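None of the values given here were measured: they were computed from a predicted structure. Residue numbers count from 1 along this sequence. Just the heavy atoms: all of them, side chains too, but no hydrogens, waters or symmetry mates, feed the values below.
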Amino acid sequence: MKKFKVGILGATGMVGQKFVSLLQNHPWFDIKVLAASYRSAGKTFEEAVNGRWNSGLKISEFIKSMVVLDVVEDIEKITSSVDFVFCAVDMPKNDIKALEEVYAKLECPVISNNSAHRFTPDVPMVIPEINPQHLKIIDCQRKRLRIKKGFIAVKSNCSIQCFVPAVHPLMDLGVSKILVCTYQAISGAGKTFSTWPEMKDNIIPYIPGEEEKSEKEPLKVWGNIFKDKIILNKDINITSQCLRVPITDGHTAAVYLKLEKQFDIQDIAERWDNFSPDAVIKNLPSSPKKFINYFKEDDRPQIKLDRDIENGMGISVGRLREDSQYSIKFVCMSHNTIRGAAGGAVLLAELLCKEGYMSC
């Protein structure tokens, strides 16, 4: 497979920096463009992130010296230099929506970490191990936009990627209701303890827009393609509460499920332990060897012990038991800036490349 030339839009932000750290030695992708707002444009990447490099990894000298372009003013220069872009810009939602569509119409595929297009009916929102079939909707999107090579594909919100994978292997048991409470790290807000000191020894019981995303986005992931759009799953009701907690990285969820069919508690544990995606996905460079990691110990999963499982791409599940109000309850956890953000988008891009969407 040829190496694809990639750009990172919003490269100086927290998720953008994570993209840089994951891609600078990627076997399939070469970083050719780093772009951000006008405030960073014209600076070297090292200058632009001076004092706020958060990845924990060393930046290569090549990356340090790259001059940051302007995501708006340099669009034609960017699109002519790359095969596709990752998007993690920090802009108003409507501006992001318009910007990503401009890139797509210039025949530059966009793999987005942003929420702007998650409910555009012909934009696939894909967790590769769960709904890779939704990529087929790209053909309809291209017809609507009257383009041949460009498109927009998005990854889902970081919070749902810690619990949707655990629910997915149980869908044939008639999942009808989900109650979920998420405990979300401060990096999900693009913050560190140095930039958000009021989060130390604190919990904030409200994250703007997060509960709506947690309740609605899974319904698209579990939806179906009908004609030229993805139809939301109407068989499941989800209610949620989302709390910001004093953790650097890692989202945890307490989950309660109502199952309409008879179940065996041991069978559920085995479903998690044996779950395996399609072979194409398993063999992608960023794919975890084991997607769902089930723990029998009462005190697992834990953030410090388990967020980096499978290089941050694995899902951890534990504390499975029957419930007096619902059918079962359990706890699950994932790394929000890797699996839930940049890493999930990189895996999606790998799948798109493998399936030929980047080279038609």
Side-chain angles (χ1 to χ4, degrees), residues 118-119 121 124-137 155-183 210-227 229-242 251-278 281-282 290-296 301 314-334 339-340 344:
R118 286 180 188 159
F119 286 98
M125 180 171 64
V126 173
I127 301 173
E129 293 91 343
I130 294 176
N131 62 325
Q133 70 277 10
H134 283 188
L135 295 183
K136 295 176 182 177
I137 201 68
K155 53 155 290 297
S156 64
N157 191 47
C158 54
S159 66
I160 81 163
Q161 296 201 52
C162 68
F163 71 89
V164 165
V167 175
H168 187 69
L170 314 179
M171 292 291 283
D172 66 329
L173 294 175
V175 176
S176 60
K177 292 182 180 180
I178 303 173
L179 186 156
V180 59
C181 187
T182 61
Y183 305 87
E210 205 72 8
E211 288 163 4
E212 293 85 349
K213 294 173 185 176
S214 295
E215 293 170 1
K216 189 177 178 183
E217 288 189 19
L219 304 182
K220 183 171 183 179
V221 172
W222 287 320
N224 294 296
I225 295 176
F226 180 72
K227 295 184 178 179
K229 61 185 65 176
I230 297 172
I231 305 297
L232 303 187
N233 186 311
K234 297 180 180 180
D235 298 327
I236 303 174
N237 291 309
I238 306 175
T239 186
S240 69
Q241 290 201 98
C242 300
H251 288 354
T252 299
V255 184
Y256 299 76
L257 295 188
K258 177 66 175 177
L259 305 175
E260 298 301 326
K261 297 181 181 180
Q262 289 188 334
F263 65 92
D264 177 84
I265 201 77
Q266 183 59 36
D267 173 62
I268 289 172
E270 291 175 358
R271 284 168 179 251
W272 287 331
D273 207 39
N274 296 328
F275 181 79
S276 182
D278 294 341
I281 296 161
K282 286 183 66 176
K290 190 169 182 57
F291 181 41
I292 300 174
N293 299 269
Y294 173 63
F295 293 94
K296 295 180 181 180
I315 307 298
S316 299
V317 188
R319 298 221 65 214
L320 171 65
R321 57 243 194 255
E322 295 189 35
D323 183 69
S324 61
Q325 304 298 314
Y326 284 69
S327 302
I328 60 171
K329 54 189 173 185
F330 53 88
V331 173
C332 42
M333 187 269 294
S334 65
R339 164 55 74 168

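Here the side chains of Asp273 and Lys290 are in contact, with some heavy-atom distance below 4.5 Å. Taking 4.5 Å as the limit, every side-chain heavy atom of Glu322 sits out of range of all side-chain heavy atoms of Lys329. You'll find the side chain of Val167 reaches within 4.5 Å of the side chain of Trp222, heavy atoms only. The shortest distance between side-chain heavy atoms of Cys162 and Met333 does not fall below 4.5 Å. Under the 4.5 Å side-chain criterion, counting only non-hydrogen atoms from C-beta, Pro218 is in contact with Ile238. Between Val317 and Asn293 the shortest side-chain heavy-atom distance does not fall below 4.5 Å. Side-chain atoms of Glu129 and His168, non-hydrogen and from C-beta on, never get closer than 4.5 Å to each other.
When every heavy atom of Ala253 is checked against every heavy atom of Phe163, the shortest pair comes out as CB-CB, 4.1 Å. Here the shortest heavy-atom pairing between Ile137 and Pro124 reads CG2-CD, 3.6 Å. A pairwise comparison of heavy atoms in Ser159 and Ser214 identifies OG-OG, 3.0 Å as the closest pair. Closest heavy-atom contact between Val255 and Val180: CG2-CG2, 4.0 Å. Taking each heavy atom of Pro128 and Ile281 in turn, the nearest pair found is O-CD1, 2.9 Å. Listed here is the closest heavy atom pair of Gln262 and Leu173: O-CD2, 3.9 Å.
The structure places OH of Tyr326 at 10.0 Å from CD1 of Ile178, a figure rounded to the nearest 0.5 Å. To the nearest 0.5 Å, the span separating CG on Leu257 from NZ on Lys177 amounts to 12.5 Å. Atom CZ of residue Arg271 and atom CG of residue Leu170 lie 6.0 Å apart, to the nearest 0.5 angstrom. Here the OG-CD1 distance, from Ser276 to Ile292, works out to 10.0 Å after rounding to the nearest 0.5 Å. For the atom pair CG (Leu232) and CD1 (Ile230), the distance works out to 9.0 Å, reported to the nearest 0.5 Å. The CG atom of Leu179 lies 13.5 Å from the NZ atom of Lys258; values are rounded to the nearest 0.5 Å.
Counting only N and O atoms by type, the side chains of Glu211 and Ser240 include no donor and acceptor under 3.5 Å apart.
Taking the six-membered ring for Trp and thresholds of 30 and 60 degrees, Phe330 and Trp272 have ring planes more than 60 degrees apart, a perpendicular arrangement. In this structure, Phe275 and Phe291 have tilted ring planes: the angle between them lies in the 30° to 60° band.
Remark: side-chain polar atoms of Lys261 are paired, donor with acceptor, to backbone N or O of Asp172 under 3.5 angstrom. At distances below 3.5 Å, not a single donor-acceptor pair connects side-chain atoms of Asn131 with backbone N or O atoms of His134.
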Please determine whether side-chain contact (heavy atoms from CB on, under 4.5 Å) holds for the pair Thr182 and His251, giving the CA-CA distance in whole Å, both sets of side-chain angles, and the decisive distance to 0.1 Å. CA-CA 7 Å; Thr182 61; His251 288 354; 5.9 Å; no
Pair Arg339-Ile127, side-chain contact (heavy atoms from CB on, under 4.5 Å): steps then yes or no: CA-CA 10 Å; Arg339 164 55 74 168; Ile127 301 173; 4.1 Å; yes
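Looking at Glu217, Lys216, Glu212, Glu210 one by one, the single match for side chain to side chain donor-acceptor pair (under 3.5 Å) with Asn157 turns out to be Glu210.
Atom CD of Gln241 sits in a sparse spot, with 12 or fewer heavy atoms from other residues, nucleotides or ligands closer than 6.0 Å.
Listed by chain and residue number, nothing satisfies the side chain to side chain donor-acceptor pair (under 3.5 Å) test with Ser327 (two or more places apart in sequence, or in another chain).
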